[in-house]
> 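This structure is in C-alpha cells; I'll ask about it shortly.
We name chains A, B, ... by the order of the sequence lines, and we start the count at 1 in each one. All figures in this text were calculated on a predicted structure; none of them were measured in a lab. The analysis underlying the following values was restricted to heavy atoms, covering all of them including side chains, and did not include hydrogens, waters or symmetry mates.
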Amino acid sequence: MAEPQDGADERSEPQLLGERREKLERLRGAGIEPFPAEFAGRVEIAAVHAAHDGLEAGEETEDAYRVAGRIAARRGHGKAAFIDLVDASGRLQLHSRADVLGAEVHERLAGLDLGDIVGVDGVAFATRRGELSLQVTGWTLLAKSLRPPPDKFHGLEDTELRYRHRELDLIANPESRELFRKRGATIAATREWLDAEGFVEVETPVLQPLYGGALARPFTTHHNALDRDLYLRIATELYLKRCVVGGIDRVYELGKDFRNEGVSYKHNPEFTMLEWYEAYADYSDAARRHENLVAHVAERVLGTTTVERGGVEIDLAPPWRRVTLRDAIRERTGVDVLEHPTREALAAAMDSEASPDDGWGKLVDGLLSKEVEPHLIQPTFVIDYPVETSPFAKRHRSEDGLVERWEAYVGGFEISNAYSELNDPDEQRRRFAEQAEELRRGDDEAQPFDQTYIEALEYGMPPTAGVGLGIDRLVMLLTGAASLREVVLFPAMRE
RNA sequence: GCCCCCGUAGCUCAACUGGCUAGAGCAGUCGGUUUUUACCCGAAAGGUUGAGAGUUCAAGUCUCUCCGGGGGCACCA
C-alpha cells in the first residue's frame, strides 16, 4: 500500500480532515492560539488518583489540580459534558458545566475533537457512580489534533498500521504503552546490574572499516570525505576485547547491531545487543553471571522471575539447566555427534538430508536449531560447540574439536551466546585464515581477516569470558510477545 | 527466496452458491440532552471494496499480474 502524500490524503479523506482544519481556523478566529508554547505547573493524572481514589460516590473536595493530556472520549449532555483525559500516567474524567464555565467556554471545550491536547484546571470530586473526576474551572488548548484518532473502544488492531504508525498504536492501545515501558525498564535494570557489578559501559564504532565478531552479512555504506566504504557493525565483540587488552577488565556495550539478513518473528535487521566481557573469568563464570542478570532484570521489571509462554510457566530463577550440545542432540535424535566426527559420517547418521555445502560444524548447528531449540522452553545453557562455527572461542580444555562456548535458550529460542575468549593470537590468526577461506569459497557470512585485532591480541589479553545477549529477545520473553516486531517500536517494513 | 492466508468508510467489522443502489457500530457533521461512562435520542453525510487486467448478462465474491501485511519454511542472533 503506497503511503498517501499530503495532497492525495486531502483528497481521500477531505471531510474529516477538512472539518478539523475548519475548527482550527475558527479557534484562531476566536483569538485562541491552537499551539501555545507552554503550560506550567501541571501534575500527572496518577497524582490525582493517588490523592483521591478513596472518595465516596457524590463526595466533593476543594482540592484543585492542573492536569494536561489528550482527549480520549467525550460524552455530551447539552449544558454539561464528560471528557476522558489521558496522559502518560493514566486516565481521568473531566466534568465541564456551562453554569461553572459560562456557556461559551463550556461549549468550546465540549466541542473539541478527540485527540486534541488540553490543559485543565479543576476541582476533584466523585460522581454519583463514584468515578473520580475534575470539575473543570478553566482550560487551555495545548495542541489541536488535525487527524482523527483510532477507534476509542477497539483501539488500533491492524498490524500493519500498528507497526508503520506506532504513535497511533501507543495512543490507542494502553497495553502497547505498557510493553514499551517494560522494554525501557529492562534496559535500565540491565545497566543497573552491570554497573553494580563493576562493569564499565563504553561506546565503540557503529561505522567500521572492517566488520566482525559474528557470522553475518553486513550493511555497507560510504564516507564521502574519507572516500571509503564503511560497514555498519554486526557485533561489538572485537572492539570490546581491545578494551580488555587495554585493561578495562569488566566492560560492556549496549546498543544496536545491524545484519543484512531476512526478517522473521525473531529477526530484525537492526536489533539491540548487549555484550559484556570479563577478564580472569571463563564461560562457566559467564553463565552464572548471565542467569543472575536475567533473574535480576525479570524481578525488577515484572516483580517475579516467572513468565508465561504458550501456556507454559517458565522460571528464570537460577540455576539454569546446563547440558552439553552433544547430550542435547543425543536426547532428541539419538545421534551422538562426537561418534560421527566427520561430515560424511554425521550426514549418514542423520534422518534428514544434509546440505552438501555444510561442514561437520554446520550440520551439528542444524541439528541444534531444528531438532533441539524448539524444545528448550525452560532456561537452558547448551554448552561446548564445534570449533568450525566459533572463530573467536577458546578450544575446550578437555574435549577435542570443541570450544568453550554456550548458548542460552528460553521459550524455544536463543537469547544469548558466550564463550571463553580465544586469546592466543597465533591460533586466532589461523581461525581468521580458515574464515577467509570460507569467504573465498562464497560463504558471505564468514568472518573477514582482521589484522588489527590480531595485533591487539599480540599485546596480550588476559583469559576472558564474553557474552552477547539479545535485548529484543529478552524483552519478548519478559512481555510474552509473539514477535520481535511487537517489542521494536518501528520495525523494518517494506517501502 | 518458496508456500499458505489476508486487504471492504478515519477505526472495528458485515455482505449466502457470483445477483437489486456494498451494510452496521464507533468517530465526524447538524439538532436535542446539567453526574454520564462502549452515555442516550433524531437527521443527514461518508466507499475507485489495495492497484491493474480478464471471465461473465452481472464481480467485494471467480482467474491472472502487481503492491502491502500476517503466518510458516529456508538463513541468521
> Just so I know, are the side chains of Phe449(A) and Leu210(A) near enough to count as touching, which here means a heavy-atom distance under 4.5 Å?
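Heavy-atom side-chain distance check fails, nothing below 4.5 Å.
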> With a 4.5 Å limit on heavy-atom distance, are the side chains of Leu469(A) and Val294(A) in contact?
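A side-chain contact exists here, since the closest heavy-atom pair is under 4.5 Å.
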> Are Leu101(A) and Glu107(A) packed together at the side-chain level, in the sense that at least one heavy-atom pair is separated by less than 4.5 angstrom?
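When only atoms from C-beta onward are counted, Glu107(A) and Leu101(A) do not touch, as no gap falls below 4.5 Å.
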> Using a heavy-atom cut-off of under 4.0 Å over every strand shown, decide if Asn260(A) touches base, sugar-phosphate, or nothing.
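Nothing: the residue Asn260(A), judged by heavy atoms under 4.0 Å, touches no strand.
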> Any side-chain N or O of Arg164(A) below 4.0 angstrom from OP1/OP2 of rG69(B)?
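So the side chain of Arg164(A) is within the cut-off, an N or O lying under 4.0 Å from OP1 or OP2 of rG69(B).
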> Are Arg405(A) and Phe392(A) packed together at the side-chain level, in the sense that at least one heavy-atom pair is separated by less than 4.5 angstrom?
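Result no, sub-4.5 Å side-chain heavy-atom pair not found.
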> Distances for protein N/O vs nucleotides 35-37 of chain B N/O pairs under 3.5 angstrom?
{"from": "rU35(B)", "atom 1": "O2'", "to": "Arg128(A)", "atom 2": "NE", "distance (Å)": "3.0"}
{"from": "rU35(B)", "atom 1": "O2'", "to": "Arg128(A)", "atom 2": "NH1", "distance (Å)": "3.1"}
{"from": "rU35(B)", "atom 1": "O2", "to": "Arg128(A)", "atom 2": "N", "distance (Å)": "3.0"}
{"from": "rU36(B)", "atom 1": "OP2", "to": "Arg129(A)", "atom 2": "NE", "distance (Å)": "3.4"}
{"from": "rU36(B)", "atom 1": "O2", "to": "Arg75(A)", "atom 2": "NE", "distance (Å)": "2.5"}
{"from": "rU36(B)", "atom 1": "N3", "to": "Gln93(A)", "atom 2": "OE1", "distance (Å)": "2.8"}
{"from": "rU36(B)", "atom 1": "N3", "to": "Gln93(A)", "atom 2": "NE2", "distance (Å)": "3.0"}
{"from": "rU36(B)", "atom 1": "O4", "to": "Gln93(A)", "atom 2": "OE1", "distance (Å)": "3.3"}
{"from": "rU36(B)", "atom 1": "O4", "to": "Gln93(A)", "atom 2": "NE2", "distance (Å)": "2.1"}
{"from": "rU36(B)", "atom 1": "O4", "to": "Thr127(A)", "atom 2": "OG1", "distance (Å)": "3.3"}
{"from": "rU37(B)", "atom 1": "OP2", "to": "Arg129(A)", "atom 2": "NH1", "distance (Å)": "2.8"}
{"from": "rU37(B)", "atom 1": "OP2", "to": "Arg129(A)", "atom 2": "NH2", "distance (Å)": "2.6"}
{"from": "rU37(B)", "atom 1": "O2", "to": "Glu131(A)", "atom 2": "OE1", "distance (Å)": "3.1"}
{"from": "rU37(B)", "atom 1": "N3", "to": "Glu131(A)", "atom 2": "OE1", "distance (Å)": "2.6"}

> What does rG7(B) pair with, Watson-Crick or G-U, if both distances are under 3.5 Å?
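Partner of rG7(B): rC67(B).
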> Between Lys152(A) and rC26(B), is there a contact of a side-chain N or O with OP1 or OP2 at under 4.0 Å?
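No.
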> rC26(B) P sits how many Å from Asp113(A) CG, rounded?
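Atom-to-atom, Asp113(A) to rC26(B), this comes out as 17 Å.
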> Please check this pair: side chain of Glu253(A) against backbone of Thr204(A), looking for a donor-acceptor N/O pair closer than 3.5 Å.
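Yes, Glu253(A) side chain to Thr204(A) backbone: donor-acceptor pair under 3.5 Å.
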> Which is true for Gly155(A) with a 4.0 Å heavy-atom rule: it touches a base, it touches only sugar-phosphate, or it touches nothing?
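Gly155(A): backbone/sugar contact only, no base atoms under 4.0 Å.
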> Side-chain contact test, heavy atoms from C-beta onward, threshold under 4.5 Å: evaluate it for Leu170(A) versus Phe180(A) and give yes or no.
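Touching, per the 4.5 Å side-chain cut-off.
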> Does any nucleotide pair with rC2(B) by Watson-Crick or G-U wobble geometry, both distances under 3.5 Å, and what is it?
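rC2(B) is paired, partner rG72(B).
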> Any base atoms under 4.0 Å from Ile415(A), or only sugar-phosphate, or nothing? Heavy atoms, all strands.
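Result for Ile415(A) = nothing.
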> So what does Leu161(A) touch, heavy atoms closer than 4.0 Å: a base, only the sugar-phosphate, or nothing?
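Sugar-phosphate contact only.
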> I'd like to know if the side chain of Arg183(A) and the backbone of Val475(A) have a donor-acceptor N/O pair within less than 3.5 Å.
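Not confirmed, Arg183(A) side chain does not pair with Val475(A) backbone.
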> Distance check needed: rA77(B) P versus Phe271(A) CZ, whole Å only.
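It is 8 Å, rounded to the nearest whole Å.
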> rC26(B) P sits how many Å from Ile171(A) CD1, rounded?
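That distance rounds to 22 Å.
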> Under 4.0 angstrom, heavy atoms only, what part of the nucleic acid is Arg74(A) near: base, sugar-phosphate, or nothing?
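Arg74(A): backbone/sugar contact only, no base atoms under 4.0 Å.
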> Rounded to the nearest 0.5 Å, what separates atom CD1 in Ile329(A) from atom CG in Leu368(A)?
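Spacing of CD1 (Ile329(A)) from CG (Leu368(A)) equals 6.0 Å.
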> Going by purine N1 to pyrimidine N3 plus the second Watson-Crick contact, or the G-U wobble pair, all under 3.5 Å, which nucleotide sits opposite rG54(B)?
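WC or wobble partner is rC62(B).
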> Expressed in whole Å, how much space separates the P atoms belonging to rG19(B) and rA59(B)?
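11 Å, rounded to whole Å.
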> Keeping Gln93(A) on the side-chain end and Leu132(A) on the backbone end, is there a donor-acceptor pair under 3.5 Å?
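No; judged by distance alone, with no hydrogens or angles, the pair does not exist.
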> May I ask you to test the Met476(A)-Arg309(A) pair for a side-chain heavy-atom distance under 4.5 Å?
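Yes - at least one pair of side-chain heavy atoms lies under 4.5 Å apart.
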> Could one point to a donor on the side chain of Asp158(A) or the base of rG7(B) with an acceptor on the other under 3.5 Å away?
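Not at all, since no donor on one side and acceptor on the other fall under 3.5 Å apart.
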> Below 3.5 Å is the cut-off: list the nitrogen or oxygen pairs between protein and nucleotides 70-75 of chain B, distance only.
{"from": "rG70(B)", "atom 1": "OP1", "to": "Arg485(A)", "atom 2": "NH1", "distance (Å)": "2.1"}
{"from": "rG70(B)", "atom 1": "OP2", "to": "Arg485(A)", "atom 2": "NH1", "distance (Å)": "2.9"}
{"from": "rC75(B)", "atom 1": "O2'", "to": "Glu445(A)", "atom 2": "OE2", "distance (Å)": "3.2"}

